[in-house]
Amino acid sequence: MTIERISTNSRMSRIVKHNGTAYLCGQVAKDKNGDIHAQVTGMLEKVDELLESIGSDRSKILSATIYLSDMADFKALNDIWDNWVPEGEAPARACVQAQMASPELLVEISVIAATS
């Protein structure tokens, strides 16, 4: 059994790969001071970058868990998400309201994706 941990520090790894599956740590927006549209877009750009770095892409996402600080942003999230996910490739997904680690954060995502 091989487990590969990428960008690991004392608390977590940005990516953990095992048996053809990649687990991404929670991703937040590049600009934590933007509105919900900017934060969702920046967050998904980071997911794209991480997946690309391991030879995967958004069409291989198996599962996504999305955390919103306010469910009032659910529609705005979905407007962007629906255009980001490739047609016919939607992953299993959950979306919940959660208190964020920093008050300026509006959204966070955790992703599991196939790598081979």
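Residues Ile112 and Ile54 do not share a hydrophobic cluster, clusters being chains of Ile/Leu/Val/Met/Phe/Trp/Tyr side chains in contact below 4.5 Å. Cluster membership for Ile80 and Leu51, using ILVMFWY side-chain heavy atoms within less than 4.5 angstrom, is shared. Note: the hydrophobic cluster containing Val111 also contains Ile15 (ILVMFWY, side chain heavy atoms under 4.5 Å, direct or indirect links).
Here ring-ring contact (aromatic ring centres under 6.0 Å, His included) pairs that include residues 3-54, with residues two or more places apart or in two chains, number zero. Counting only residues at least two apart or on different chains, no salt bridge (charged side-chain N to carboxylate O under 4.0 Å, His left out) pair has a member in residues 91-101.
Of the residues Leu77, Val47, Leu24, the one that meets the side-chain contact (heavy atoms from CB on, under 4.5 Å) test with Ile109 is Val47. Results of the side-chain contact (heavy atoms from CB on, under 4.5 Å) test with Met43 over Val107, Asp31, Leu106 single out Val107 as the only residue that passes.
The shortest non-hydrogen separation linking Met100 to Leu105 is CG-O, 3.4 Å. Between Cys25 and Met12, the shortest heavy-atom distance links the atoms CB-SD, 4.0 Å. Across Arg5 and Ser13, no two heavy atoms sit closer than the pair CB-OG, 3.5 Å.
A donor-acceptor contact shorter than 3.5 Å is absent between the side chain of Lys30 and the backbone of Lys46. Formation of a donor-acceptor pair under 3.5 Å by the Glu108 side chain with backbone atoms of Val28 is not found in this model.
Contact annotation: the side chain of Ile6 approaches that of Lys17 to within less than 4.5 Å [non-hydrogen atoms, C-beta and beyond]. No side-chain heavy atom of Gln27 sits under 4.5 Å from any side-chain heavy atom of Glu49.
Under a cut-off of 6.0 angstrom, the local environment of CD in Glu52 is sparse, with at most 12 non-hydrogen atoms contributed by other residues, nucleotides or ligands.
A distance of 11.0 Å separates CZ in Arg14 from OG1 in Thr8, rounded to the nearest 0.5 Å.
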Under 3.5 Å, side-chain donor or acceptor atoms of residues 55-72 against the rest of the protein: list the pairs with distances, not counting sequence neighbours.
residue : atom : partner : partner atom : Å
Ser56   : OG   : Ala114  : O            : 2.6
Asp57   : OD1  : Ser59   : N            : 2.7
Asp57   : OD1  : Ser59   : OG           : 2.4
Asp57   : OD2  : Lys60   : NZ           : 3.1
Arg58   : NE   : Asp48   : OD1          : 3.1
Arg58   : NH1  : Trp84   : O            : 2.8
Arg58   : NH2  : Asp48   : OD2          : 2.7
Asp70   : OD1  : Ala72   : N            : 2.8

